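Everything below concerns the one structure shown next.
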Number of protein chains: 2
Amino acid sequence: MSHQRWDYAALMRERGFRVTPQRQLILDAICEGGGHTTPEEVYERVRAKSPAVNRATIYRTLDFLCELRLVVAADVGNRRMVYEIAGDTPHHHLVCRTCGKVEQISHETVKALFAKIEREQEFTVDMDHLALFGLCPKCRRAELRGKR
Amino acid sequence: MSHQRWDYAALMRERGFRVTPQRQLILDAICEGGGHTTPEEVYERVRAKSPAVNRATIYRTLDFLCELRLVVAADVGNRRMVYEIAGDTPHHHLVCRTCGKVEQISHETVKALFAKIEREQEFTVDMDHLALFGLCPKCRRAELRGKR
DNA sequence: GCAGTAATTGCATCTGTTCGCAATAGCGGA
DNA sequence: TCCGCTATTGCGAACAGATGCAATTACTGC
Ligand SMILES: [Mn+2]
Ligand SMILES: [Mn+2]
Ligand SMILES: [Zn+2]
Ligand SMILES: [Zn+2]
């Protein structure tokens, strides 16, 4: 699996942005991760191939790729951000507060809520990578047992 | 309105935590704000009354109060955190990506989603101060106009 | 190919937040 | 009321992330 399936280079140029080696390296680094990747992981992978790339460029480029919607981000707790190549359909996550496990849920599941908010408040929610916090089945059972 | 309606001091002691002047000052400072308050605002208010209190204490105490669920937090974009006294019923927010306006929505609105997730994945979502991002009516209309 | 232009980068610096550690001070028990 | 235990604090330093600016460089049109 790779980001090569979009012509991201053309996509950038179309909108008046430039295709730089840094941007390609960073996109590659996110791809290599497969799933969620932290800025620090991206930095390390990029730096392995091209040590001169600056940390500031990593952060600016991650923001840039999110704005282009080539990449999605989420805060998975304790203000730790993770980045990921944007798939064809959005997906979301459930993060356990106790064990930290991250599960995935479909966009289908949350769509109804976004539609309701659109109807009731005229507000267009456009989150394509939401993180919801709570307790996973295992930790919840452990908590119930503990309370008795 | 004030946090005096709970016996937060007893609540802390019950659970084996200590009631310190710093914690009381910080709780007061959040109260004074009325609504959403940033760590820096808390710091300023506390420091006005007691200049020796350290910044690290502010951050540690805000986390602590969130864990006790006396206070709720939310990232309202660009990793800016806001804190607020936890009310009797939770509420949530809609944050406009363009103008930054923050609206409020009831827990009622999102409850159905949490219940569905509980049913379908056995995962207990327990968020009491969610922030959803998107476009407010005004900005969305502006955007539509711009695209033509 | 080459030059002009503006987007992008690297660098230096700043800000907000976290962390380890030693000093302080709540709280429970004598 | 005093004592001892340990939770909490202040301090200093580390840290991630953002920002202003000058140097670089990708793209456009010739
Ligand atoms: Mn994901
Ligand atoms: Mn709120
Ligand atoms: Zn868990
Ligand atoms: Zn708006």
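No hydrogens, no waters, no symmetry mates; every other heavy atom, side chains included, goes into these values. Everything numeric here is computed off the predicted structure, so don't read it as measured data. All chains are named by letter (A, B, ...) in the order of the sequence lines, taking the proteins before the strands, and each is independently numbered beginning at 1.
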Carefully, step by step, assess A/Lys49 and A/Glu32 under the rule salt bridge (Lys or Arg N to Asp or Glu O under 4.0 Å). CA-CA 13 Å; A/Lys49 293 184 187 161; A/Glu32 278 171 38; 2.8 Å; yes

What's the [atom1]-[atom2] distance between [X] and [N], to the nearest Å?
{"X": "B/Phe64", "N": "C/dG26", "atom1": "CZ", "atom2": "P", "value": "14 Å"}
{"X": "A/Leu62", "N": "C/dT8", "atom1": "CG", "atom2": "C1'", "value": "15 Å"}
{"X": "A/Leu27", "N": "C/dT8", "atom1": "CG", "atom2": "P", "value": "15 Å"}
{"X": "B/Gln24", "N": "C/dA25", "atom1": "CD", "atom2": "C1'", "value": "14 Å"}
{"X": "B/Leu25", "N": "C/dA25", "atom1": "CG", "atom2": "P", "value": "15 Å"}
{"X": "B/Arg23", "N": "C/dC27", "atom1": "CZ", "atom2": "C1'", "value": "13 Å"}
{"X": "A/Arg13", "N": "C/dT8", "atom1": "CZ", "atom2": "P", "value": "12 Å"}

Find the distance between CG (B/Leu70) and CE (B/Met12) and round it off to the nearest 0.5 Å.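 The CE atom of B/Met12 is 5.5 Å from CG of B/Leu70, to the nearest 0.5 Å.
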
Nearest-0.5 Å distance, CG of residue A/Leu25 to CD1 of residue A/Ile30: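 These two atoms lie 11.0 Å from each other.
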
Taking only the side-chain nitrogens and oxygens of A/Arg18, find out if one of them lies under 4.0 Å from OP1 or OP2 of C/dT9.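 Result: no.
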
Outermost DNA chain D nucleotides near chain A [under 4.0 Å, heavy atoms]: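 Listed 5' to 3', the contact boundaries are D/dA16 to D/dC27.
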
Return whichever of B/Arg80 or B/Gln22 has its heavy-atom-nearest nucleotide of DNA chain D closer to the 5' end.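 Between the two, 5'-proximity favours B/Gln22.
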
Using heavy-atom distances to pick each residue's nearest nucleotide on DNA chain D, tell me which of A/Ala56 and B/Gly16 is more 5'.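 Upstream on the strand: B/Gly16.
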
May I ask you to decide whether A/Arg140 forms a salt bridge with A/Glu143, counting only side-chain N to carboxylate O separations under 4.0 Å?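 Looking at A/Glu143 together with A/Arg140, the answer is no, because their closest N to O distance does not fall below 4.0 Å.
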
Indicate yes or no: at least one non-hydrogen side-chain atom of A/Arg55 is less than 4.5 angstrom from one of A/Glu40.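 When only atoms from C-beta onward are counted, A/Glu40 and A/Arg55 do touch, with a gap below 4.5 Å.
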
Do A/Leu27 and A/Ile85 come within less than 4.5 Å of each other through their side chains, counting heavy atoms only?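 They are in side-chain contact.
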
With a 4.0 Å cut-off on heavy atoms, is B/Arg60 in touch with a base, just the backbone sugar-phosphate, or nothing at all?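 Touches a base.
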
Between B/His91 and B/His129, do the side chains contain a donor N or O and an acceptor N or O under 3.5 Å apart?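 There is such a pair between these side chains.
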
Do the side chains of A/Leu113 and B/Phe123 join up, straight or via other hydrophobic residues, at under 4.5 Å, putting them in one cluster?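 Yes; tracing contacts between hydrophobic side chains, which count when under 4.5 Å, links both residues.
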
Any residue of residues 36-55 of chain A with a heavy atom less than 4.0 Å from an atom of DNA chain C: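 Within this stretch, A/Ala52, A/Val53, A/Asn54 sit under 4.0 Å of the strand.
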
Does a sphere of radius 6.0 Å around CZ in A/Arg80 hold more than 12 heavy atoms from other residues, nucleotides or ligands, not counting ones at 6.0 Å or beyond?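 It does not: A/Arg80 CZ has 12 such atoms or fewer within range.
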
